[in-house]
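One structure is given here, and the rest of the page talks about it.
Letters A, B, ... mirror the listed sequences (proteins, then strands); counts begin at 1.
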Number of protein chains: 2
Amino acid sequence: MGSGATGAAARRAALTPGARRVLDAAAELFYERGINAVGVDLIAQRAQVTKKTLYDRFGSKEALVAAYLRERDERWRRWLPARLDEAARAGGPDPEAVAIARVLATFDALEVWTCRENPRGCGFVNAAAELPDLTHPGRVVIAEQKRWFRDYLRELCRATSASDPDDLADELALLHEGAMVLGGLDAVAEPVPLARRLAVRALTQRGLPAA
Amino acid sequence: MGSGATGAAARRAALTPGARRVLDAAAELFYERGINAVGVDLIAQRAQVTKKTLYDRFGSKEALVAAYLRERDERWRRWLPARLDEAARAGGPDPEAVAIARVLATFDALEVWTCRENPRGCGFVNAAAELPDLTHPGRVVIAEQKRWFRDYLRELCRATSASDPDDLADELALLHEGAMVLGGLDAVAEPVPLARRLAVRALTQRGLPAA
DNA sequence: GCGGAGGTAAACCGATCGGTTTACCTGACT
DNA sequence: AGTCAGGTAAACCGATCGGTTTACCTCCGC
């Protein structure tokens, strides 16, 4: 753990070309068809790799599932803040206004993200449905992801002058989850804007001037 | 469709004792472990029935999955309105107040329901995660369930003097889904009260006196 | 020039998958 | 007395599951 690249980037770069293809194929298949419905043989075939290579790199299907979820989580953690920084730069000089803009920008980001990556609903919620065992390594990643997002929302809310920002963060988390689920079931036409309007209301209720 | 019992009750009563046990066992196992993780052999064993009986009564696993979801849907459709009628009777003589009480009572009902039947999140959302094929008979039942609940919420909202009641109903649906998902992941301590508070805000925003 | 990492190809393992078949038994209704 | 629905018990089917093994090949760095 000395000098040079560390953490997520290092782990990603450390992947063998074959392993990279395996993980990509697994990600696509697990999300689109469900984890238990996809066998390792199919993954190996899609990745143009033998099963031996798959097991040499990942050890087990369980571990591959965890790797899939971990990478999905990392992508989200890298992408979301970048997106919010963009929105913040576009805002005015007023720090309070910027903080509020960042909170609401999470919904604009969600809109883009769900279109691109979540047509079948939240990958973590779907995975949790298939992994009832709480000790499964994938379940641990899911718990970490939900925890991270909650804490991130708290940060954003605390940056505003909202009363009870932690409570506000929980409300926003609920709105995000609801929008993703409804989007996956297409039970409602435009769930994200719906959630955003509810979020605006939650902000104004707390005395914030939400444009 | 002449005299005597009809519809759901008839379908339920029509079940053979063996078939009844199969459906009960399947419901428990499908919900707790996931649909694809449960084999027909295990279901038959739990129901103390041979596989032949299972296939004689249900024809296929697909059909059994659909029957499981259909019964879950029927239970919910029977239970929820009964619950709301209770809440309405407890309300005062003012019809507007009663209508509002019924809307909010959906969240009190949800609280009870999730404790009793949904510790692992919404059974329909979980099932949808495992059934990517939109033509699967189970998927059809899921679509019907979401549709029914949406329409039911619209009814409730239209009974109030809320402006744009259909839109309000969509918001409430989103809050319900969000609360169920968060409850299943226990990412938040008390998701249902959280959703209920957001619902109250949605009502007051529309000029309704939500107690 | 040699060893080890990364890989292919393919056979193999026991277990389980969804589903079928044959033979026999039981109790209720006609 | 006879029929038939609802069942048990158990063998059987081909396919697939997650996972392992053996043998061989290739390229890169020391």
With DNA chain C as reference, determine whether B:Lys61 or A:Pro17 sits nearer its 5' end, using the nearest nucleotide of each.
A:Pro17
Taking only residues two or more places apart in sequence or in another chain, which ones pass salt bridge (charged side-chain N to carboxylate O under 4.0 Å, His left out) with A:Asp151?
A:Arg147
Please list all pairs meeting salt bridge (Lys or Arg N to Asp or Glu O under 4.0 Å) that have one or both residues in residues 111-129 of chain A, counting only residues at least two apart or in different chains.
A:Arg75-A:Glu117
Close residues, residues 45-53 of chain A, relative to DNA chain C [heavy-atom separation under 4.0 Å]
A:Gln48, A:Val49, A:Thr50, A:Lys52, A:Thr53
Per-pair distances, 0.1 Å, donor-acceptor, side chain in residues 167-188 of chain A, under 3.5 Å, sequence neighbours excluded:
{"unit_1": "A:Asp167", "atom_1": "OD1", "unit_2": "B:Arg197", "atom_2": "NH2", "d": "2.9"}
{"unit_1": "A:Asp167", "atom_1": "OD2", "unit_2": "A:Arg206", "atom_2": "NH2", "d": "3.0"}
{"unit_1": "A:Asp167", "atom_1": "OD2", "unit_2": "B:Arg197", "atom_2": "NH2", "d": "2.5"}
{"unit_1": "A:Glu171", "atom_1": "OE1", "unit_2": "A:Arg206", "atom_2": "NH1", "d": "3.3"}
{"unit_1": "A:Glu171", "atom_1": "OE1", "unit_2": "B:Arg201", "atom_2": "NH1", "d": "3.0"}
{"unit_1": "A:Glu171", "atom_1": "OE2", "unit_2": "B:Arg197", "atom_2": "NH2", "d": "3.2"}
{"unit_1": "A:Glu171", "atom_1": "OE2", "unit_2": "B:Arg201", "atom_2": "NH2", "d": "3.0"}
{"unit_1": "A:His176", "atom_1": "ND1", "unit_2": "A:Leu172", "atom_2": "O", "d": "3.2"}
{"unit_1": "A:His176", "atom_1": "NE2", "unit_2": "A:Thr106", "atom_2": "O", "d": "3.4"}
{"unit_1": "A:Glu177", "atom_1": "OE2", "unit_2": "A:Lys146", "atom_2": "NZ", "d": "2.9"}

Kindly write out the residues that satisfy ring pair (Phe, Tyr, Trp, His ring centres under 6.0 Å) with B:Tyr152, not counting sequence neighbours, or none if the list is empty.
B:Trp148
I want to confirm an ordering. Mapping A:Leu42 and A:Gly59 to their closest nucleotides on DNA chain D, which one lands closer to the 5' end?
A:Leu42
Is it true that A:Arg158 and A:Asp166 make a salt bridge, defined as a side-chain N closer than 4.0 Å to a carboxylate O?
yes
Partners passing salt bridge (charged side-chain N to carboxylate O under 4.0 Å, His left out) against A:Arg102 (at least two apart in sequence or in another chain):
A:Asp85
Contacts of A:Phe124 meeting ring pair (Phe, Tyr, Trp, His ring centres under 6.0 Å) (sequence neighbours excluded), chain-then-number -> none
First and last nucleotide of DNA chain C, 5' to 3', lying under 4.0 Å from heavy atoms of chain A:
C:dG6 to C:dA9
Side-chain donor/acceptor pairs under 3.5 Å, residues 34-46 of chain B, sequence neighbours excluded:
{"unit_1": "B:Asn36", "atom_1": "ND2", "unit_2": "B:Glu130", "atom_2": "OE1", "d": "3.3"}
{"unit_1": "B:Asp41", "atom_1": "OD2", "unit_2": "B:Lys51", "atom_2": "NZ", "d": "3.2"}

Under the ring pair (Phe, Tyr, Trp, His ring centres under 6.0 Å) rule, collect the residues that match up with B:Phe58, sequence neighbours excluded.
none
Which residues, if any, of residues 33-40 of chain A bring a heavy atom under 4.0 Å of DNA chain D?
A:Val38, A:Gly39, A:Val40
Once side-chain contact (heavy atoms from CB on, under 4.5 Å) is applied, do any residues pair with B:Ala27, and if so which ones, sequence neighbours excluded?
B:Tyr68
